[in-house]
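All remarks here apply to the structure that follows.
Atom set for the values below is all heavy atoms of this structure, side chains included, hydrogens, waters and symmetry mates excluded. Lettering of chains follows the sequences in order, A, B, ..., and the numbering in each one begins at 1.
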There are 2 protein chains.
Amino acid sequence: MATRKQRTGRRTDALSKERIVEAAVALLDAAGESGLTFKALTERLATGPGAIYWHVANKGELLGAATDAVVVTVLTAGPAEKAKTGTPQDEIRTVALGLFDAIGDHHWLATQFAVQLSRAPAGPVTPLIFETLGRQVRAMGVPRESWFTTTSALVHYILGAAGQNAANAKVAGTVTDRDEVLDATSQAWKALDPGGYPFLHAIADQMRRHDDREQFLAGIDLVLAGITTLHPPPAAA
Amino acid sequence: MATRKQRTGRRTDALSKERIVEAAVALLDAAGESGLTFKALTERLATGPGAIYWHVANKGELLGAATDAVVVTVLTAGPAEKAKTGTPQDEIRTVALGLFDAIGDHHWLATQFAVQLSRAPAGPVTPLIFETLGRQVRAMGVPRESWFTTTSALVHYILGAAGQNAANAKVAGTVTDRDEVLDATSQAWKALDPGGYPFLHAIADQMRRHDDREQFLAGIDLVLAGITTLHPPPAAA
DNA sequence: ACCTGAACACCGTTCAAGT
DNA sequence: ACCTGAACACCGTTCAAGT
C-alpha cells in the first residue's frame with residue numbers, strides 16, 4: 001500500500017541538502033560553531049557521515065549554506081518587504097536592525113560573515129545585502145560615482161557593529177550575565193592607570209549603562225548623517 | 001665554562017610564553033588559522049605538547065595572546081606615535097590605516113577581532129583601541145555624553161571594514177589573483193537577473209576598479225563627516 | 001542514485017614520569 | 001619549576017560495500 005513513492009515526490013524522511021542545512025543551523029544555534037560536528041549531525045539525522053557527504057562537499061560548504069539560508073530568509077521574507085512606505089533612511093534602519101537581530105539570534109553568523117563575504121564569486125549573501133542597501137543609498141540622492149563606495153561603507157559598519165555586538169552577547173548568555181559582564185568591564189577600565197587611559201575612565205559609566213540596539217542605531221544615524229553631508233540631496237536647497 | 005645560567009637570566013633557547021606566541025604568529029601568518037597546530041608548534045620549537053601547556057592554558061589563550069601581541073605593537077610602536085602633529089582627523093586616519101594594514105599582513109586577525117573583542121573583562125586590545133581613537137573623538141569636540149557611542153561607531157566601522165577586506169585579500173593571494181577575483185565577481189554581478197539586481201549591475205564596474213585602501217579611507221571620511229555633522233565643533237562659527 | 005559504517009589521518013589535551 | 005612523550009577522546013573525510 002502506497003508504494004508509488006517516486007510519483008508523489010520525495011519521502012518526508014529522505015535526506016536532502018535542505019534537511020541537512022536545517023539540522024546544521026539548529027546545531028549551530030544551540031551550541032555555537034563547535035556544536036556543528038558530523039557526529040551530532042548524523043545522530044540528529046539518523047544516518048552515517050557518508051550519507052551527508054553525498055549531499056554536501058565538506059564542512060565549509062555546509063557552513064556557507066547555513067549562512068546563506070539564514071541571511072536570505074532575513075533579507076527576503078523579513079524587514080525589507082515591510083517598510084516599503086518609509087524614507088530610504090527608515091528602510092536602511094530596518095534592514096540593518098534585521099541583520100543585527102539575526103546575528104543576535106545566530107551568534108555563529110558573526111564569524112561567518114568575515115568568511116562568507118570573501119567567497120568568490122560568492123554565494124547569494126553579498127549580492128543581496130549590497131542590492132538591498134544600495135537601492136536606498138541611490139534613493140538618498142547619492143551621485144552615481146559614489147554608489148559603490150558609500151554602500152560599502154554602510155555594509156562594513158552594519159556587519160562590523162552587528163558582529164562585534166554578537167560576540168559580546170555570546171559571552172553573556174542571559175540578561176543577568178550581560179549586566180555582570182558590563183559591570184566587570186567597567187570596573188576593569190576604571191582599574192587601569194588613569195594617566196595612561198584617561199578616556200576609558202571618562203566613558204566607563206556610559207559603557208556600563210549602554211543599550212546595544214540603541215547604540216547600533218545611533219551608529220547607523222551617524223553614517224547616514226555622513227552620507228547626507230558628503231552628498232546633499234538635490235531637493236534640499 | 002659559563003655555567004652560571006641563572007644569574008645572567010634565562011637561556012636564549014629556553015621556552016617562554018613570548019617565544020611560543022612568536023612562533024604562533026609566524027605559523028598563523030604563513031598558513032592561516034588552520035596552520036596553527038600543536039604539532040607544527042612543537043616541531044618549530046623542538047619540544048613536546050606538554051612543554052607548551054606549561055606556559056599556555058589552551059589554544060584559545062594562545063590565539064588571544066597572538067592577537068594581543070600584534071595589535072599592541074601596531075598601536076604603541078606604530079602610527080599613533082608618529083602623527084602627533086596633525087588634526088584629530090589625521091590621527092584617526094593614521095591609526096585606522098595602521099589597523100587596516102595589520103589585518104592585511106595578518107589575515108587571521110579578521111576572525112580573531114570578533115572573538116577577542118568579546119573577552120570579558122578582555123585583554124589589552126579593546127582598551128587600547130578605544131583609548132587611542134577616543135582621545136581623537138574628544139579632540140574633535142564631540143560632547144562628553146556622546147563619547148562612548150561615537151567612538152564605538154568608529155571602532156565598529158574600522159574593524160568591520162578592515163576585517164572584510166582582509167577576508168577578500170585571503171582569497172586573492174597575489175596581485176594578479178586580486179584582478180581575477182574582482183573580474184569574476186564583477187562578471188557574476190552582471191550575470192544576475194537585471195530586473196532583480198539593478199543596483200549591482202550599475203556598480204559592477206566601479207567594484208571591479210576599486211582600490212581597497214582608498215575605499216577604506218573614503219569610508220573613514222564618511223564616518224568623520226557624520227561625526228562633525230552631528231557634533232559640530234564649537235570653534236566653527 | 002543514494003546510503004552504510006568501518007577505517008584513516010589528524011587534532012587538542014592530559015598526565016605519569018623524568019630532570 | 002620545567003619538560004618529555006605516550007596515550008586518549010574526538011574530529012573531518014574517505015571508500016568499499018550494500019540497496
Residues passing the ring-ring contact (aromatic ring centres under 6.0 Å, His included) test with A:Phe100, sequence neighbours excluded, are A:Phe216
A:Phe199 meets the ring-ring contact (aromatic ring centres under 6.0 Å, His included) criterion, sequence neighbours left out, with B:Trp147
From CG of A:Leu41 across to P of D:dG12 the rounded distance in Å is 9 Å
Expected list for residues 22-36 of chain B near DNA chain D, using heavy atoms below 4.0 Å, is none
Secondary structure of DNA chain D per the Watson-Crick/G-U criterion (both distances under 3.5 Å; [ ] crossing, | other strand, . unpaired) is ||.|||||...|||||.||
Does the side chain of A:Gln206 come within less than 4.5 Å of B:Thr149's, by heavy atoms? no
Note to self: If you apply the rule salt bridge (Lys or Arg N to Asp or Glu O under 4.0 Å), what do you find for A:Glu22 with A:Arg44, and how did you get there?
What the structure shows: CA-CA 11 Å; A:Glu22 193 186 308; A:Arg44 188 175 241 269; over 6 Å; no
Enumerate, atom names and distances included, each donor-acceptor pair closer than 3.5 Å involving a side-chain atom of residues 25-43 of chain A, sequence neighbours excluded.
unit_1  : atom_1 : unit_2   : atom_2 : d
A:Asp29 : OD1    : A:His106 : ND1    : 2.7
A:Asp29 : OD1    : A:Trp108 : NE1    : 2.7
A:Asp29 : OD2    : A:His106 : ND1    : 3.0
A:Thr37 : OG1    : A:Ala40  : N      : 3.1
A:Lys39 : NZ     : A:Glu43  : OE2    : 3.0
A:Thr42 : OG1    : A:Phe38  : O      : 2.9
A:Thr42 : OG1    : A:Lys39  : O      : 2.8

Margin query: For a quick test of reading the model: is some side-chain N or O of B:Trp54 closer than 4.0 Å to OP1 or OP2 of D:dC3?
Written below: no
With the side chain defined as heavy atoms from C-beta on, B:Lys39 is closest, among C:dC11, D:dC11, C:dT4, to C:dC11
* To do: Determine: side-chain N/O of B:His55 to OP1/OP2 of D:dA1, distance under 4.0 Å, yes or no.
  => no
Show me the protein contacts with nucleotides 13-17 of chain D, counting only N or O atoms at under 3.5 Å.
unit_1 : atom_1 : unit_2  : atom_2 : d
D:dT13 : OP2    : A:Tyr53 : OH     : 2.6
D:dT13 : OP2    : A:Lys59 : N      : 3.0
D:dT13 : O5'    : A:Tyr53 : OH     : 2.8

